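Read through the structure below, which is laid out as structure tokens, and then see the notes.
Chain letters run A, B, ... following the sequence lines, proteins first, then strands; residues in each count from 1. Keep in mind the model is a prediction, meaning the values are calculated, not measured.
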Amino acid sequence: MNKQPLRCRVQVVLPIEKPYDYLLPYGTDGAQIALEPGQVVMVPVGRRVLPGVVWDGDADENVPLKKLKEIVSVSEVPPLREELRKFVEWVANYTLSPQGSVLKMALSVPQALEDQVGQKLYRLSGDALSKEGEREKTRLTSARQKVIDVVTNSGGWTSADLAREAGVSSSVVKGLEKLGMIESYFEAPDFFFPAPVSDAVGPELSPDQKAAADDLVSRVQGRSFSTVVLDGVTGSGKTEVYFEAIEAALREGRQALVLLPEIALSSQWLDRFKQRFGVAPAEWHSDLTPALRRKTWRAVASGKAPVVVGARSALMLPYSDLGLIIVDEEHEGSFKQEDGVYYHARDMAVVRAKGCGCPIVLASATPALETMVNVQSGRYERLILPGRHGGAGMPDVELIDLRFDKPERLQSGPGWLSQALRGAIRQTLEAGEQAMLFLNRRGYAPLTLCRTCGHRLQCPHCTAWLVEHRRFRRLQCHHCGFSAALPETCPSCGAEDSLVPCGPGVERIVEEAKLLFPEANVALMASDTMTSPAATKEMVDRIQNREVNLLVGTQVVAKGYHFPYLTLVGVVDADLGLFGGDLRAAERTFQLLHQVAGRAGRAEHKGRVLLQTSDPKHPVMQTLKEGDRDKFLEIEAETRARGNLPPFGRLAAVIVSGPDESELDNFCAGLARSIPQFDGAQILGPAPAPLALLRGKFRRRFLIMSKKTIAPQGIARNWLSQLKAPSRIKVVVDVDPYSFL
DNA sequence: AGCACGCCGACT
DNA sequence: GTCGGCGTGCTC
């Protein structure tokens, strides 16, 4: 009698809730090959072959045998550890996402799984050091030295890449290979990020920094989970402190992960890392080349990437032995992913640290309210770094009441800079220092309207105004990327010369600044002027070399860059972020303005910050002026507690979208009728989502609000499972929604 | 997410 | 009469 063929569960990388069952592959001897949970396999799905992971638990014997297909191949990459499998399950459960979608983020590199048949790669040869003595004999020309330098920093170069990076011809590479200084290989698994130089001396730490660093080091050595908030103003030296913790993790032989907001992953941060550790860390972000992605993924999985720095998706990588997680700028909203799987990388990082049995550090000058509430409840601990490193005090913050100091009209149109702000800029420029004008709004004008008929230029796919970008002579939608030429006549009434820009964007502030200060060197810094790392670096260099003395920028100027000669910051519209009814509007405005303010000042000169506001009594403005962050958090906490809003209550947004508005409303009405009654929870809606029309799809939103003790996920699951959505209608749940857009 | 199956308009 | 549009539904 034949034995039943053996099956196992495989989670494939499709938006599928649970693993599918497959037959174990047959070896050459005709027997089935046993597999361990975590092994990466290729399996047939439909008529395709996709990556998947052998999952925990037994296959479902009820699935008919004839439905089962055989596993095609088993990848050479190290199996996904139980820690990561459990993490994937946890995230899927928490975010109400299909497990396969979450797994896909962890296997984000299809090429990484292929067996290596790649190109010939070069690295420093293993016995290069022993050949060092021969250096006198062999002529180590400068061209050769350049190649050695490049290859010492990181291995895994193709001949062409290596020659290009070193700026030499490929014959130099060939020559060095012949000499045995570098060697070639084919195996991607051997790719490694060099170990940081652990005896590199960091900067002298202040006693406060030293105490904080010692605390973190002992946590890393303790190899157990704890969450620490590293709380210190800009310039208090948080980075140096957590660098010590990274070094401790390396000494333990474990890996360290640093999560940064995408925008802060600047070359400045990497330069500091290189200075401290002598080598570059492994980087992980959205625009890595596929080849580097593959190499990095494999290096992380096999423990050959000691330090990984990356944006939120770096959290999903298959670390072989994670000993420390740092989340820098932990309050940043960009840690929340809002497409595909809706997750907050900071919160999930805490979960992953728990699973890894390692400490996690949340660093910020303006910790999120959630984070501070967790400190108060004792779930998180806190280390405070007082004062500014290097002696400069926090800048003076003054409020300019726009109701009394109204910006004068310019010849070209309305002005946006008050007398007080103009005077301060003049003073600063005359003193030979730098000033910055901050406005968190790209483009020239956020709204264009027709003087004749009142028509407003709107995006055809979204409920949003088109933003004029004068540099490109175009209109853009900042939500879907729609772009059109600036029309000559009103598209509605046909009137000529009738379209007028309304309100300011940074381009318009540049125009005003040039008009008011013709002698100044004005520069614009916005996300759309910094399209490449090279362009960004050039701009940062120009500012640091003082080729620019009046900088105009959006929020990109607030993050990660240090401009030592900047002594004045003017905020053009401090109230901007407060509109829109967003749950976190006040908190985000406070954080952003606090961070912008922190750009002003240096060791010798106290900085000055001027906030233009129409509501100087607002708690955000008052606490910014007083420099009292904790008072702001107190007021904000009270407001939230009163409304039973996060972090004192819980939220989940249910976003229903579809191309047909009446069908959508119909379905939403059905959902509304079946809203269940709960103690301690309520469901509001349907309301038009803030962008009622986005990318050509209509949107409605329900909001589940629950007491802290009740999980909104369960409520959403029960409620939504009662009613099946028509196929053209999509329902997504955003647990812990961050922005309400 | 793909990819095929399915049921209604313009083509050699 | 078919070729093909993309709406719908499944994938162990």
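- If you measure from atom CD1 of Ile16(A) to atom P of dC12(C), you get 8 Å, rounded to the nearest angstrom.
- By the 4.0 Å N-to-carboxylate-O rule, Arg584(A) lies close enough to Glu370(A) to be salt-bridged with it.
- Counting any heavy atom pair closer than 4.0 Å across all strands shown, Pro19(A) reaches no nucleic acid atom.
- Computed from coordinates, the Tyr22(A) OH to dT11(C) P distance equals 10 Å when rounded to whole Å.
- The distance from atom NZ of Lys66(A) to atom P of dC12(C) is 13 Å, rounded to the nearest whole Å.
- The CG atom of Leu14(A) sits 10 Å away from the C1' atom of dC10(C) (whole-angstrom rounding).
- Nearest to the side chain of Leu68(A), among dG7(C), dC12(C), dA1(B), sits dC12(C).
- Rounded to whole Å, atom C1' of dC12(C) lies 15 Å from atom CD of Glu17(A).
- For the 3.5 Å distance criterion, the side chains of Thr296(A) and Glu283(A) fail to qualify, holding no donor opposite an acceptor.
- Counting any heavy atom pair closer than 4.0 Å across all strands shown, Arg48(A) reaches a base atom.
- Protein atom NZ of Lys730(A) is 7 Å distant from nucleotide atom P of dA1(B), rounded to whole Å.
- Side-chain atoms of Leu664(A) and Arg700(A), non-hydrogen and from C-beta on, do get closer than 4.5 Å to each other.
- The distance between atom CD of Glu663(A) and atom C1' of dT8(C), rounded to the nearest whole Å, is 13 Å.
- The side chain of Tyr20(A) sits closest to dC12(C) out of dT8(C), dC12(C), dA1(B).
- The side chain of Lys104(A) lies closest to dA1(B) when the candidates are dA1(B), dG9(C), dC12(C).
- You'll find that the side chain of Pro15(A) is closest to dA1(B), out of dA4(B), dA1(B), dT8(C).
- One can place CZ of Arg728(A) at 11 Å from C1' of dT8(C), the figure rounded to the nearest angstrom.
- Using a cut-off of 4.0 Å between Lys/Arg side-chain N and Asp/Glu carboxylate O, Asp56(A) and Arg9(A) are scored as not salt-bridged.
- Environment of CD in Gln722(A): crowded, with over 12 heavy atoms of neighbouring residues, nucleotides or ligands closer than 6.0 Å.
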